[in-house]
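Notes follow the structure.
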Amino acid sequence: TLESADKLEFIAEAIQLIVERYDGTVVHFLADDKGTIAMLGFGIPPHNPEKLAFRAMQATQAVMSILTKSGMSCSIGVATGDVFCGPVGSLTRRCFTVLGEVVNLAARLMQSSRGELLCDKHTRDECSQLPFVRLPNHRIKGYADPVPVFRFRSNRPQTLVDRAQEMRAIESALTDPQAKTLIVEGEPGIGKSELVNQLVVQSAMADNWSILGEASNVERSTPYYIMR
């Protein structure tokens, strides 16, 4: 139906915009009568940023937040490790994909999730600054022993609270024909990234282009790095 097509387009566009922001790659995007599945990768060439697991967690948090606010359920599994990435198939037909044990683990974690964001121990260890809840070890197909599993615990509400003024400023900037400059600043953890995510998604829905730049501690001394 037209409504289903619009919803699918919204999901695909929102995921693509968020993943690109964190230098990730949408490897596969599948939709059928059972739902929609997206396979996301971080560290796939030509992208090779630092803190891959942390970027994956940030991106998946943002995806879950946007979809939840839109009234859609979302289950996510994240696993960290080395994988094969490249073309598979014959000379006449092939596709790009990622293969490996952690790919299967992430899929199993997604299947075990019930509207939550689950990850493996390696991801948790790489993102020690994020809040997690240790769950009972899971029996996962392909693993002889139970696997440690962690659930991401958001340290802020899933909806924007007391941000009506900021949202009005964003909406005004998107509809005003004159150029606008918005500066979002504040202490860590108060929801700046969530506001930026809202701006990117709403801008896309209004058929506007978004150009995103991100600073890096490694490139702090590089002039105009954020604009490159």
Side-chain angles (χ1 to χ4, degrees), residues 14-15 18-30 34-68 72-86 88 96-158 188-189 191-194 197 214 216-218:
I15 291 176
I18 292 172
V19 172
E20 285 182 354
R21 178 185 172 201
Y22 291 100
D23 284 334
T25 303
V26 178
V27 181
H28 296 302
F29 189 84
L30 308 173
K34 297 181 181 179
T36 303
I37 297 177
M39 179 189 291
L40 314 177
F42 294 82
I44 296 176
H47 301 295
N48 188 28
E50 57 184 0
K51 299 181 179 179
L52 296 178
F54 188 71
R55 287 173 180 270
M57 288 300 301
Q58 286 181 308
T60 50
Q61 291 170 49
V63 168
M64 176 166 280
S65 178
I66 291 296
L67 297 184
T68 301
M72 291 174 267
S73 61
C74 179
S75 298
I76 298 177
V78 179
T80 300
D82 294 331
V83 300
F84 164 83
C85 63
V88 294
F96 183 90
T97 191
V98 293
L99 301 171
E101 181 180 346
V102 294
V103 178
N104 299 331
L105 178 56
R108 299 298 183 189
L109 291 175
M110 179 198 69
Q111 294 170 352
S112 300
S113 174
R114 297 294 183 269
E116 299 173 320
L117 171 50
L118 303 183
C119 73
D120 65 340
K121 185 177 184 299
H122 193 170
T123 303
R124 192 287 307 266
D125 292 344
E126 293 289 327
C127 305
S128 58
Q129 66 271 55
L130 297 178
F132 291 97
V133 175
R134 173 70 183 267
L135 300 180
N137 291 356
H138 282 39
R139 286 282 183 182
I140 293 180
K141 183 178 180 180
Y143 290 81
D145 299 321
V147 175
V149 176
F150 300 83
R151 183 183 73 234
F152 173 75
R153 184 185 71 243
S154 176
N155 57 3
R156 63 174 184 266
Q158 291 297 316
K192 299 186 299 297
S193 296
E194 189 58 46
N197 290 334
E214 185 172 344
S216 168
N217 289 334
V218 177

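Atom-to-atom distance recorded for Asn137:CG and Asp145:CG is 9.5 Å, nearest 0.5 angstrom. Separation of atoms SG (Cys127) and CD (Gln61) is listed at 8.5 Å; rounding is to 0.5 Å. Note that the NZ atom of Lys121 and the OG1 atom of Thr123 stand 11.0 Å from one another [nearest 0.5 Å]. From Met72, atom CE reaches atom OG1 of Thr36 across 9.0 Å, with rounding to the nearest 0.5 Å. Residue Leu117 holds its CG atom at 4.5 Å from OG1 of Thr60, rounded to the nearest 0.5 Å. The distance from the CG atom of Leu52 to the CD atom of Glu126 is 8.5 Å, given to the nearest 0.5 Å.
The nearest pair of heavy atoms linking Tyr143 to Leu105 is OH-CB, 3.5 Å. The minimum heavy-atom distance between Thr25 and Val19, with the atom names listed, is N-CG1, 3.4 Å. Heavy atoms only, all atoms of each residue included: Phe150 and Arg124 are closest at CE2-NH1, 3.1 Å. When all heavy atoms of Ala14 and Ile66 are compared, the closest pair comes out as CB-CG2, 4.1 Å. Counting all heavy atoms, side chain and backbone alike, Val27 lies closest to Gly41 at CG2-N, 4.0 Å. Arg134 approaches Pro148 most closely through the heavy-atom pair NH2-CB, 3.8 Å.
Formation of a donor-acceptor pair under 3.5 Å by the His122 side chain with backbone atoms of Thr80 is found in this model. Side chain of Arg139 to main chain of Val147: no donor-acceptor pair is present (N/O by atom type, distance under 3.5 Å, no hydrogens or angles). Counting only distance, with no hydrogens or angles, the side chain of Ser112 and the backbone of Arg108 share a donor-acceptor pair below 3.5 Å. Checked by atom type and distance alone, the side chain of His138 pairs as donor or acceptor with a backbone atom of Pro136 at under 3.5 Å.
Heavy atoms of other residues, nucleotides or ligands lying less than 6.0 angstrom from CD of Gln111 number more than 12.
Checked against side-chain contact (heavy atoms from CB on, under 4.5 Å), Ala59 has the following partners two or more places apart in sequence or in another chain: Ile18, Tyr22, Phe42. Taking the side-chain contact (heavy atoms from CB on, under 4.5 Å) definition, one finds that Val88 meets it with Phe84, Cys95, Thr97, Leu99, sequence neighbours left out.
Under the 4.5 Å side-chain criterion, counting only non-hydrogen atoms from C-beta, Val26 is in contact with Leu40. Contact annotation: the side chain of Ile140 approaches that of Leu109 to within less than 4.5 Å [non-hydrogen atoms, C-beta and beyond].
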| task | Verify side chain to side chain contact (heavy atoms under 4.5 Å, CB included) between Phe152 and Ile76, making sure each step is shown before the conclusion. | result | CA-CA 10 Å; Phe152 173 75; Ile76 298 177; over 6 Å; no
